[in-house]
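Shown next, in structure tokens, is the structure this report addresses.
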Amino acid sequence: MNVSDVAVWSVILAVGAGTFAFRFSFVYLFEHVDEVPAPVERALRYVAPAVLAALVAPSLLLVDGSIAVVGNERLLAGLVGAAVAWRTESIIWTMVAGVGALMVVQQVVF
Amino acid sequence: MRSIPADYRDGLRDVAPVLVSVVPYGLVVGGAAVAAGFSVTQATGFSLLVNAGASQLAVIDLLGRDAPLAVAVVTALVINARLLMYSASLAPYFRDDPVGWRALGSYFLIDPAYALSIVRLEGDADVDPFRYYLGVATPLLPTWVGSTAVGAVVGSTIPDWLPLEFAVPMVFLALVVPTVRDRPGAVAAGVGAAIAVVGAGLPLNLGLLTGGLVGVAAGLVAEQVWERGGGASGGGSTP
């Protein structure tokens, strides 16, 4: 890395400030709205499924940057995790099942 | 203010298992930062001041490859733009809380804090939203900073046969399930996931943001389609 200490701290501070502005943005602004418009409220209900699924899917489906289904260990383990999540809605059991399944699959392959 | 409100403790209890998944992620990010040339102080300060792992990994990767500083900053901010959506989604629940507390609380807003809170708040009117949120959100930052610091000092020492980093997507998987129980939610998730996967090669990590935005739109459209014929369907686009 060919960057000065000052440059690194500048990047950290700039990202930190911008990220805080994102976090606080609507939490600050909604105070000045008398009532949240109904269409906005409906749209916000879909933020959680859309963004969380967008966070998860690439880590299960992409291997070295391209989509892989056959022989994809993380997809297989993810399906086990998804089944457990569906049945239990428990974070801890989903973690245990997913990580455990991945360990087993990796052992079987090698 | 009551002493240690029950709603705050509820949040603490719910976030406890998630903290387990934060530790390996923090170790990896701390180890990667030092490997790229960050000092231990910089690696730790990065987690304290930014508190958003995916964007930190992107900056570490870009600076490690001597990318322009502005590219590193813009990439990180595009990755973190999803926090705008989280902020909007939680904002209606926090409207009556003092602005100083809301500013402080916002500092802790990150994916698991949002996901845990929204799942609970959408289903339960009895809990004080902001106190519950604080209970969920506040333990995440010290866990994140602490594990990054350890990772920076000792390096990423997690052995290959123990794929602990997989705990992170499993947490989000567990949290997305309750949100896809109805059909529009499932459509939002399916479209968000598909676009994020197809768009994974886009610059600035735009696949995630695009997936989120288009997924929300798809959920709204699905709601319109399925509610047509039911009496309560309000017009999505008011003239």
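Quantities reported herein were computed from a predicted structural model and do not represent experimental measurements. Here is the naming used below: chain letters follow the sequence lines, and residue numbers restart at 1 for every chain.
Here A:Val27 is the residue among A:Val27, A:Val3, A:Leu52, A:Val51 with the most heavy-atom pairs under 4.5 Å with chain B. Ranked by heavy-atom pairs under 4.5 Å with chain A, the list B:Gly215, B:Ala167, B:Ser106, B:Ala174 is led by B:Ser106. With chain B as the partner, the residue from A:Val11, A:Leu60, A:Ile67 showing the most heavy-atom pairs under 4.5 Å is A:Val11. Among A:Ala14, A:Gly65, A:Gly78, the residue with the largest count of heavy-atom pairs under 4.5 Å with chain B is A:Gly78. Counting heavy-atom pairs under 4.5 Å between each of B:Leu84, B:Val177, B:Val176 and chain A puts B:Leu84 at the top. Most heavy-atom pairs under 4.5 Å with chain A, from the set B:Pro184, B:Gly199, B:Gly207, B:Ala115: that is B:Pro184. Comparing A:Gly18, A:Ser10, A:Ala48 by how many heavy-atom pairs each has under 4.5 Å with chain B, the most go to A:Ala48. Most heavy-atom pairs under 4.5 Å with chain A, from the set B:Ser21, B:Ala54, B:Ala88: that is B:Ala88. Contact count against chain A (heavy-atom pairs under 4.5 Å) is highest for B:Ala103 among B:Ala186, B:Ala103, B:Ala217, B:Pro169. Ranked by heavy-atom pairs under 4.5 Å with chain A, the first of B:Phe94, B:Tyr107, B:Tyr86 is B:Tyr107. Note: A:Ala50 leads A:Ala53, A:Ala17, A:Ala50 in heavy-atom pairs under 4.5 Å with chain B. With chain B as partner, the option from A:Ser25, A:Ser66, A:Ala38, A:Ser59 having the largest number of non-hydrogen pairs under 4.5 angstrom is A:Ser25.
The closest side-chain heavy-atom distance from B:Leu90 to B:Leu121 is below 4.5 Å. Contact of the A:Tyr46 side chain with the B:Glu223 side chain is registered, since non-hydrogen atoms from C-beta on lie closer than 4.5 Å. With contacts defined as side-chain heavy-atom distances shorter than 4.5 Å, the pair B:Trp161/A:Met103 qualifies.
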Query raised in the report: Can B:Phe130 and B:Tyr93 be said to form a ring pair (Phe, Tyr, Trp, His ring centres under 6.0 Å), step by step?
Result: CA-CA 7 Å; B:Phe130 191 61; B:Tyr93 294 101; over 10 Å; no
Could you walk me through whether B:Ser47 and B:Trp144 pass the side chain to side chain donor-acceptor pair (under 3.5 Å) check? CA-CA 7 Å; B:Ser47 279; B:Trp144 178 240; 3.2 Å; yes
Inset, instruction - Start with the C-alpha gap between B:Phe108 and B:Val136, add the side-chain angles, then the distance that decides, and say whether side-chain contact (heavy atoms from CB on, under 4.5 Å) holds. - result: CA-CA 9 Å; B:Phe108 296 87; B:Val136 165; over 6 Å; no
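Side-chain atoms of B:Ser89 never come within 3.5 Å of backbone atoms of B:Met85 as a donor-acceptor pair (strictly under, hydrogens ignored). Under a 3.5 Å cut-off, the side chain of B:Ser87 and the backbone N or O of A:Phe26 do form a donor-acceptor pair.
With a threshold of 4.5 angstrom between heavy atoms, A:Phe24 approaches chain B through its backbone and through its side chain. Using a 4.5 Å cut-off between heavy atoms, B:Val59 touches chain A through its side chain atoms alone. In this structure, chain B has heavy atoms under 4.5 Å from both the backbone and the side chain of A:Ile91. Residue A:Leu29: no heavy atom, backbone or side chain, is found under 4.5 Å from chain B. Residue B:Asp96: no heavy atom, backbone or side chain, is found under 4.5 Å from chain A. Proximity to chain A involves both the backbone and the side chain of B:Thr41, based on heavy atoms less than 4.5 angstrom apart. If you measure heavy-atom distances from B:Ile195 to chain A, you find no contacts under 4.5 Å at all. Interface residue A:Leu62: only side-chain heavy atoms are found under 4.5 Å from chain B. Within the 4.5 angstrom heavy-atom criterion, atoms from both the backbone and the side chain of B:Leu208 approach chain A. At a 4.5 Å heavy-atom cutoff, A:Thr88 makes no contact with chain B through either its backbone or its side chain.
Remark: B:Arg102 engages A:Glu31 in a salt bridge, criterion side-chain N to carboxylate O under 4.0 Å. Of the charged side-chain nitrogens involved, none lies within less than 4.0 Å of a carboxylate oxygen, so that A:Arg45 and B:Glu122 do not count as a salt-bridged pair.
B:Arg181 forms a cation-pi arrangement with A:Trp86, by the criterion of a distance under 6.0 Å to the ring centre and an angle within 45° of the ring axis.
Atom CD1 of B:Ile110 and atom CG of B:Leu141 lie 10.0 Å apart (nearest 0.5 Å).
Atom OH of A:Tyr28 is surrounded by 12 or fewer heavy atoms from other residues, nucleotides or ligands within 6.0 Å.
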